[in-house]
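Below you'll find the structure, written out as C-alpha cells, and then a few comments.
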Amino acid sequence: TPALSPNELEEMGYSFAAYPFDIMCTIIESVQTKLEDLKQRDKPPESPSSETVEKLWEISGFNAYQEEQKQYGCAQYKQEKVEAG
C-alpha cells in the first residue's frame, strides 16, 4: 500500500488514517522512557489516581467488558448477587 498523506487520503474519501508504524514507535519510545524512569527511582511509583484508572478502563474497553459480564450472568456477578441477596 502506498504511503499517502492525510490530504491525499481525504481526497480519496477517507476521513481517518492511522499510520501503524509511527504509532508503534511512539508507544515503544514512551514505554522505554517510563521503564528507564522506573529503573532510576529508589522507591516505587505512586498509585495512579482513580481518574487515571477510570480513563484506562474506558479507553481499553474494560468497562464495556464488565457490563457484558453482568449481562450474561458470569459467575463472579452471580456470586455477588447471592451474597447480597
Set of residues satisfying salt bridge (Lys or Arg N to Asp or Glu O under 4.0 Å) with respect to D22, sequence neighbours excluded: none
By salt bridge (Lys or Arg N to Asp or Glu O under 4.0 Å) - contacts of K55 (at least two apart): none
Rounded distance (nearest 0.5 Å) linking atom CD of E54 with atom CZ of F62: 11.0 Å
Short side-chain donor-acceptor distance under 3.5 Å, E67 and Q71: no
Atom CD of E10 with >12 non-hydrogen neighbours under 6.0 angstrom: no
hydrophobic_cluster_shared for M24 and I59, side chain cutoff 4.5 Å: no
Heavy atoms from other residues, nucleotides or ligands near OH of Y19 exceed 12 (cutoff 6.0 Å): yes
Donor-acceptor pair between E29 and T26 side chains, under 3.5 angstrom: no
Hphob cluster co-occupancy, I27 + F21, side-chain heavy atoms under 4.5 angstrom: no
Side chain proximity check, E36 to K39, heavy atoms < 4.5 angstrom: yes
Between CZ on residue F16 and CG on residue L9, distance to nearest 0.5 Å: 11.0 Å
Q40 side chain vs D37 backbone, donor-acceptor pair below 3.5 Å: no
S30-T33 side chain donor-acceptor pair, cut-off 3.5 Å: no
